[in-house]
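Notes for the one structure printed next.
This structure is a prediction, so every number in the text was calculated from the model and none was measured. We count residues from 1, following the sequence as given.
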Amino acid sequence: MDIFQNLSFFEIAVVVLLTALTGLAAHLGKAVFHDGIRPILPEFLEGRMKRTELASISFGLSIGFIVSVGISFAVSFKMLNPWLLFLPTDILGVMAASWWMAAGLGAVWGVVALFGLTGVQTAFSLLPIDLLGSLGELSTPVLVAFTAFPIIAILYQFGWVRALFSGLAALVVRQLLPIVGGVWTDKANANLKEASEIAGVTFPDKADFAGKVKALKDAAESNPHVQDLISQATNNFSLGSTISGFTMQIAVLMLMGMILLITFAVMKDVKNKAEITIDTDEENIFEARTKRIYKGLPILAAIGALLAIATNLGLMNGSEVDGPILQQAWAASGAERSNLLHSAAIADIIRGISFIPLIATTALATGVYGVVGLTFVFPIGLLLPNPILAGIIGALWVCLEVIALRGIGRFLQRFPSLREASDNIRSSMNSMIELALFIGGAFAAMKMAPDAVGLSLTVYILLYAANEGLGRPVMKLAAGPVAIILTGIILNLLYFLHLI
């Protein structure tokens, strides 16, 4: 499914309102997306910096992310993303001379981003060598990489012994999941066998589960006992397939690794409790800055609602970890889509946990919040059944986040190892995703030109290596997607020149 085909007025309005409000929030100094701009905004708000200087700094900090991460991820995963939408509205918002100009420029950018991405996708779909379809290969290595990053974070912070223990425990759990799922699958088969005996139906040797269910429904449509057994079998088979499924394994392993990491961090701080001191000056600064954030609650809540709605509609993804999964999810249907959406939500929740210390402490220190809050509005949008409910809960959640900021700040002061764990999670997550996107790009290159695999892989690897040799003008996180997009364009040029 292409989510940008036949866009409704409601979907367009959601994106335009979202970018208008984020541009306005940046202009008023209520919230920005870039963590590096947030500490600079108080300098402007308190009269120590001119608007032109702030706009220049914002542009310099953001342009690399917009070009490399924002555009490449949008094309690769066929969705809008925060880097593409909100880094430009940061720049436009602080650059604008009035609030209405900031909102207007933000709205215009929403239209440009939405229809610009649609145009790029349409153009790429007309190419003789399939570029867009091949980009789907980026997702599988990323899914697998998610299982490893909590273990890598444990290795960084607590050494190889605990990392080895955690890795072995994760592997044991992974191997147990298919066994547990098999119990429910066996129950489903037993239900069907009992139903077939009652209905007098004999199944073909190669009949799958769906075929057996159809045969029973056709033969015993009026038998309530058989219909009840079919219902039990369907529920048991669905549960067994979910537990045994690949996406469930990914989700469970991520959660298990995170639980172990947090447990180790809390145990360390409890043990060293006497050595932890509270900075009273920092407490006073946090108190004053929090009041400034409270004043921006109406606009922050509105942005939270629109973020949850846009995510629920499949118009955007929230992070570098959920994009590859959502690309698969929106192309699937039924139970498969539901499982993938749950996996994407879990990945986003774990990522959100890792960013709490960074976002919360910078917000408390500056009085400027993030336009995506603590990022939990994205899993809210993925998990709720419709956009209206997602919008309501998204708005309420952002309000709860802001109210809880002071408590979060105090908690983090008492558990410094959790802050360190968050840094390690981000480092390990970036390392694993960079590696996974590189591998996924190689898979995409092979799929893109199956009759010229050597050529496609050579072009891809040379482009990736050139980025490294030139000092990474494209950041490493986006290097794989950028390289494979350029590879696709080069292969199509060669095709038009009759060289392949």
task: Drop me the distance from Ile393's CD1 to Phe376's CZ, to the nearest 0.5 angstrom.
output: 16.0 Å
field: Rounded distance (nearest 0.5 Å) linking atom CG of Asn386 with atom CG of Leu313
entry: 9.5 Å
message: Please find the pair of heavy atoms, one from Ala345 and one from Leu382, that lie closest to each other, and give the distance.
response: N-CD1, 3.8 Å
task: For residues Leu470 and Pro473, determine if any side-chain heavy atom of one lies less than 4.5 Å from a side-chain heavy atom of the other.
output: yes
statement: Looking only at heavy atoms, the pair that brings Gly110 and Val15 closest together is O-CG1, 3.9 Å
Ala308 backbone acceptor or donor facing Asn312 side chain under 3.5 Å: no
field: Note, Thr487 side chain near Ile490 side chain (heavy atom, < 4.5 Å)
entry: no
- prompt: Looking only at heavy atoms, what is the nearest atom pair of Leu374 and Ala360, with distance?
  reply: CD2-N, 4.4 Å
- prompt: Hey, does the side chain of Arg48 reach the backbone of Phe44 with a donor-acceptor pair shorter than 3.5 angstrom?
  reply: no
- prompt: Heavy-atom distance under 4.5 Å between the side chains of Leu80 and Leu117, does that happen here?
  reply: yes
query: Within a reach of under 6.0 Å around OH of Tyr495, are more than 12 heavy atoms found that belong to other residues, nucleotides or ligands?
result: no
- request: Would you check if the side chain of Ser428 reaches a backbone N or O of Phe149 as a donor-acceptor pair within less than 3.5 Å?
  value: yes
statement: Heavy-atom closest pair (Leu261 atom, Ala153 atom, distance to 0.1 Å) is CD2-CB, 3.8 Å
task: Report yes if some heavy atom in the side chain of Gln121 is under 4.5 Å from a heavy atom in the side chain of Val75; otherwise report no.
output: no
Contact check, side chains of Thr89 and Leu85, non-hydrogen atoms, under 4.5 Å: no
query: Counting N and O atoms only, with roles assigned by atom type, does the side chain of Trp83 sit under 3.5 Å from a partner on the main chain of Pro88, one being a donor and the other an acceptor?
result: no
- request: List the steps, then state whether side chain to side chain contact (heavy atoms under 4.5 Å, CB included) holds for Ile12 with Phe115.
  value: CA-CA 9 Å; Ile12 296 170; Phe115 289 99; 3.7 Å; yes
query: Would you call Leu307 and Val372 a side-chain contact if the rule is heavy atoms closer than 4.5 Å?
result: yes
- request: Run through Arg292, Arg38, Glu401, Lys30 and flag the one making a side chain to side chain donor-acceptor pair (under 3.5 Å) with Tyr369.
  value: Glu401
- prompt: Could you give the distance from CD1 (Ile309) to CG (Leu18), rounded to the nearest 0.5 Å?
  reply: 9.5 Å
statement: Here the gap from Met258 atom CE to Ile151 atom CD1, rounded to the nearest 0.5 Å, amounts to 11.0 Å
task: Could you tell me the separation between the OH atom of Tyr156 and the CD1 atom of Ile425, rounded to the nearest 0.5 Å?
output: 12.5 Å
query: Is there side-chain contact between Thr375 and Asp348, with at least one heavy-atom pair below 4.5 Å?
result: no
Check: Thr122 main-chain N/O paired with Ser125 side-chain donor or acceptor under 3.5 Å: yes
query: If only atom types and distance count, is the side chain of Gln157 paired as donor or acceptor with the main-chain N or O of Ala421 below 3.5 Å?
result: yes
field: Candidate pair Leu300 and Ile293, rule side chain to side chain contact (heavy atoms under 4.5 Å, CB included), full reasoning
entry: CA-CA 9 Å; Leu300 294 175; Ile293 297 175; 4.2 Å; yes
- prompt: Do Asp269 and Ser417 meet the criterion of a side-chain donor-acceptor pair at a distance under 3.5 Å?
  reply: yes
query: Do Asn317 and Asp322 pass the side chain to side chain donor-acceptor pair (under 3.5 Å) test, and can you show the C-alpha distance, the side-chain angles, and the key distance before you say yes or no?
result: CA-CA 7 Å; Asn317 66 290; Asp322 67 7; 3.1 Å; yes
message: Any side-chain to backbone donor/acceptor pair from Arg337 onto Ala331? Under 3.5 Å, distance only.
response: no
- prompt: So Tyr464 and Phe438, would you call those rings parallel, tilted or perpendicular, with 30° and 60° as cut-offs?
  reply: tilted
- prompt: Could you walk me through whether Phe73 and Met79 pass the side chain to side chain contact (heavy atoms under 4.5 Å, CB included) check?
  reply: CA-CA 8 Å; Phe73 278 21; Met79 282 174 285; over 6 Å; no
- line: All heavy atoms of Pro82 vs all of Gly318, minimum pair found to be CG-O, 3.5 Å
- prompt: Asn492 side chain to Ile489 main-chain N or O, any donor-acceptor pair under 3.5 Å?
  reply: no
- request: Output, in order, the C-alpha distance, side-chain angles, deciding distance and verdict of side chain to side chain contact (heavy atoms under 4.5 Å, CB included) for Leu260 and Phe158.
  value: CA-CA 11 Å; Leu260 287 169; Phe158 298 104; over 6 Å; no
- request: Find out whether Leu21 and Ile299 are in side-chain contact, i.e. whether some heavy atom of one side chain is under 4.5 Å from a heavy atom of the other.
  value: yes
field: Heavy-atom pair with the smallest gap, counting every atom of Ile129 and Leu491
entry: CD1-O, 3.5 Å
field: Asn467 side-chain N/O to Val474 backbone N/O, donor-acceptor pair under 3.5 Å
entry: yes
- prompt: What distance separates Leu28 CG from Leu41 CG, expressed to the nearest 0.5 Å?
  reply: 10.5 Å
query: With distance as the sole test, does Glu137 use its side chain to make a donor-acceptor pair with the main-chain N or O of Ser134 at under 3.5 Å?
result: no
